[in-house]
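Along the sequence shown, the residues carry numbers beginning at 1. What you are looking at is a predicted structure, and each value in this text was computed from that prediction instead of being measured.
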Amino acid sequence: MNIITAQLGHILHNCIRFNIKCSWSRSHFTYYPTSLGTGKRMNMFNAINNAMDLALDEDKSALLFGEDVGFGGVFRCSVNLRDKYGSQRVFNTPLCEQGIAGFAIGVANTGATAIAEIQFADYIFPSFDQIVNEAAKYRYRSGGLFDCGSLTFRVPCGAVGHGALYHSQSPEAYFAHTPGLRVVVPRGPIKAKGLILACIRDPNPCIVFEPKTLYRAAVEDVPTEYYTSPLGKADILRHGKDVTLIGWGTQVHVLLEVAETANLKLNIDCEVIDLVSILPWDTDAICTSAKKTGRVIIAHEAPLTQGFGSELASYIQEKCFLHLEAPVKRVTGWDTPFPHVFEPFYMPDKHRCLSAINDIVNF
């Protein structure tokens, strides 16, 4: 409770300090769409549905399965796909994440394509052993005779405004510690479609963590054709010279708003990078930006200790030390279980991020 009380005071202080209107709505971000010219207007779950539709149509061996997937899924990402491709290719599984992962590994090892949904990221942990000890290592333990390269897990993750302990977690750092996996996080519909199709084609088992609050909030003009987004490549969404801001998923939109506010109210020019790919991650783009600005802030929803921001901070310190004007800062969730009614105080929102910018510039 002391952490929550202190954080409330901190937020109010910064609202007054930077003359920002303080909002207590459950949505902690403003969505910034990506533009790639013409396309069909889709929200993120429509774009994901479109990606899986194209994958199932192109690859006759592809199977789509998970809890409630046959009915369209909790978030409607697979709606109408069972009707189009039949119950032999799109189907529900028992409520058993370990079983979903084990079955997916078996499907992939036969050479077929497995697209498996874990209904919430919070429930991926029963399947952790299967993913980390089997899927990621199959190629290595068999000397290349077998692999799970045609395996993709789709995993709704992150804060949604009312998810609390078991429906709001961001577990990407757990899997980033596992050689053999690919881990990505889209920031919106265009990226979600491209990343899913790239993962399905990738020769390694992949996990796509999909920020669930973006399923309906994120709307863009999405190209209708089959396309892929590169894995291991970050996106520079805003160029700047004073501070580098790094995030992924929903947090990218928080940082874009913060960058605008910092420029308007503090005359600080921020560069904003969407990391996109957690494993592997784009070391070149991050180090180039860090050397240019000399100041780096990393923001993510997961707790501070051993969050993926720790890896970024360590690498930047090692490779860019002589270029830094201040220590790398992290703005993250707290080292507590994810709260319910106290979620606004837990999130690395624009007020905390703006305060970090002010602090790092005046270090």
Side-chain angles (χ1 to χ4, degrees), residues 3 7 27-32 121-122 124 155-161 163 167-177 183-188 191 195 207-214 218 234-238 243-259 270-283 285-286 289-290 295-317 327-339 343-357 359-360:
I3 290 176
Q7 181 59 16
S27 179
H28 66 285
F29 66 97
T30 298
Y31 185 72
Y32 286 73
D122 312 71
I124 199 170
V155 189
C157 71
V160 70
H167 296 86
S168 294
Q169 296 177 78
S170 298
E172 64 272 7
Y174 291 99
F175 296 94
H177 193 62
V183 181
V184 297
V185 187
R187 67 176 179 272
K191 210 67 184 179
L195 288 173
I207 305 175
V208 184
F209 284 109
E210 301 166 2
K212 67 178 80 70
T213 195
L214 297 181
D235 291 337
I236 301 176
L237 303 180
R238 179 187 175 116
V243 183
T244 298
L245 306 179
I246 305 170
W248 48 91
T250 309
Q251 197 63 31
V252 169
H253 305 289
V254 176
L255 295 178
L256 286 168
E257 182 177 2
V258 166
C270 295
E271 183 150 292
V272 180
I273 299 179
D274 177 5
L275 192 63
V276 182
S277 183
I278 303 296
L279 186 67
W281 62 280
D282 194 342
T283 56
I286 297 303
S289 182
R295 300 175 179 88
V296 180
I297 296 173
I298 304 157
H300 59 69
E301 293 183 12
L304 174 72
T305 302
Q306 303 303 320
F308 194 66
S310 301
E311 170 63 21
L312 296 176
S314 176
Y315 191 91
I316 292 167
Q317 181 276 142
V328 177
K329 289 184 72 69
R330 290 171 289 160
V331 185
T332 70
W334 302 106
D335 288 338
T336 68
F338 202 99
E343 180 181 296
F345 313 121
Y346 183 91
M347 297 300 296
D349 64 10
K350 59 186 178 183
H351 309 295
R352 292 175 59 195
C353 291
L354 188 62
S355 178
I357 291 172
D359 291 343
I360 203 171

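- Atom CD of residue Gln251 and atom CD1 of residue Ile246 lie 12.5 Å apart, to the nearest 0.5 angstrom.
- Annotation: side chain to side chain donor-acceptor pair (under 3.5 Å) contacts of Asp122 (sequence neighbours excluded): Gln169.
- With sequence neighbours excluded, the residues satisfying ring-ring contact (aromatic ring centres under 6.0 Å, His included) with Tyr31 are His253.
- The closest side-chain heavy-atom distance from Leu304 to Trp334 is not below 4.5 Å.
- Side chain of Lys329 to main chain of Ile357: no donor-acceptor pair is present (N/O by atom type, distance under 3.5 Å, no hydrogens or angles).
- Remark: side-chain polar atoms of Glu343 are paired, donor with acceptor, to backbone N or O of Gly161 under 3.5 angstrom.
- Ile298 and Ala313 make their closest contact through CD1-N, 3.7 Å (heavy atoms, listed as atom of the first residue, atom of the second, distance).
- Here the side chains of Leu245 and Glu271 are not in contact, with every heavy-atom distance at 4.5 Å or above.
- At least one side-chain heavy atom of Leu237 sits less than 4.5 Å from a side-chain heavy atom of Arg187.
- Nearest heavy-atom pair across Pro348 and Val254 is O-CG1, 3.8 Å.
- To the nearest 0.5 Å, atom CG of residue Leu354 and atom CD of residue Glu257 are 10.0 Å apart.
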Handout entry: side-chain contact (heavy atoms from CB on, under 4.5 Å) assessment of Val243 paired with Ile360
Key = CA-CA 8 Å; Val243 183; Ile360 203 171; 4.2 Å; yes
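- Using modelled atom types, no side-chain atom of Trp281 and backbone atom of Ala234 make a donor-acceptor pair closer than 3.5 Å.
- The two residues Ala159 and Thr213 come nearest to each other via the heavy atoms O-CB, 3.3 Å.
- Note that SG of Cys157 is 7.5 Å distant from CD of Glu301, once rounded to the nearest 0.5 Å.
- Side-chain contact between His28 and Thr250 is present, with heavy atoms from C-beta onward closer than 4.5 Å.
- Of the charged side-chain nitrogens involved, none lies within less than 4.0 Å of a carboxylate oxygen, so that Asp274 and Lys191 do not count as a salt-bridged pair.
- To the nearest 0.5 angstrom, Asp359 atom CG is 12.0 Å from Arg352 atom CZ.
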Only distances under 3.5 Å count here; give the side-chain donor-acceptor pairs of residues 305-312 to other protein atoms, sequence neighbours excluded, each with its distance to 0.1 Å.
residue, atom, partner, partner atom, Å
Thr305, OG1, Asp335, OD2, 2.6
Ser310, OG, Gly307, O, 3.2
Ser310, OG, Arg330, NH1, 2.9

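- One distance of note links NZ of Lys350 with CG of Leu256; it measures 13.0 Å at 0.5 Å rounding.
- In this structure, CE on Met347 lies 10.5 Å from OG1 on Thr332, to the nearest 0.5 angstrom.
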Problem - Pair Cys353-Leu255, side-chain contact (heavy atoms from CB on, under 4.5 Å): steps then yes or no - result: CA-CA 7 Å; Cys353 291; Leu255 295 178; 3.9 Å; yes
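- For Phe29, there are no ring-ring contact (aromatic ring centres under 6.0 Å, His included) partners two or more places apart in sequence or in a different chain.
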Practice task
Assess whether side-chain contact (heavy atoms from CB on, under 4.5 Å) is satisfied between His167 and Phe338, documenting all intermediate values.
Solution key: CA-CA 9 Å; His167 296 86; Phe338 202 99; over 6 Å; no
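- In this structure, Val258 and Cys270 have side chains that are not in contact, with every pair of non-hydrogen atoms separated by 4.5 Å or more.
- Ala290 and Ile316 make their closest contact through CB-CG2, 4.0 Å (heavy atoms, listed as atom of the first residue, atom of the second, distance).
- In this structure, the side chain of Arg238 does not engage the main chain of Ile273 through any donor-acceptor pair within 3.5 Å.
- Other residues, nucleotides and ligands place no more than 12 heavy atoms under 6.0 Å from the OH atom of Tyr174.
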Problem - Audit row: Val272, Tyr32, side-chain contact (heavy atoms from CB on, under 4.5 Å) steps and yes/no - result: CA-CA 12 Å; Val272 180; Tyr32 286 73; over 6 Å; no
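- Checked against side chain to side chain donor-acceptor pair (under 3.5 Å), Thr283 has no partners two or more places apart in sequence or in another chain.
- Proximity of Val155 to Val208: side-chain heavy atoms (C-beta onward) are nowhere separated by under 4.5 Å.
- For Thr244, the side chain to side chain donor-acceptor pair (under 3.5 Å) partners two or more places apart in sequence, or in a different chain, are Ser289, Thr293.
- Put simply, the side chain of Pro171 reaches to within 4.5 Å of the side chain of Phe209, judged on heavy atoms.
- Between Val276 and Leu195 the shortest side-chain heavy-atom distance falls below 4.5 Å.
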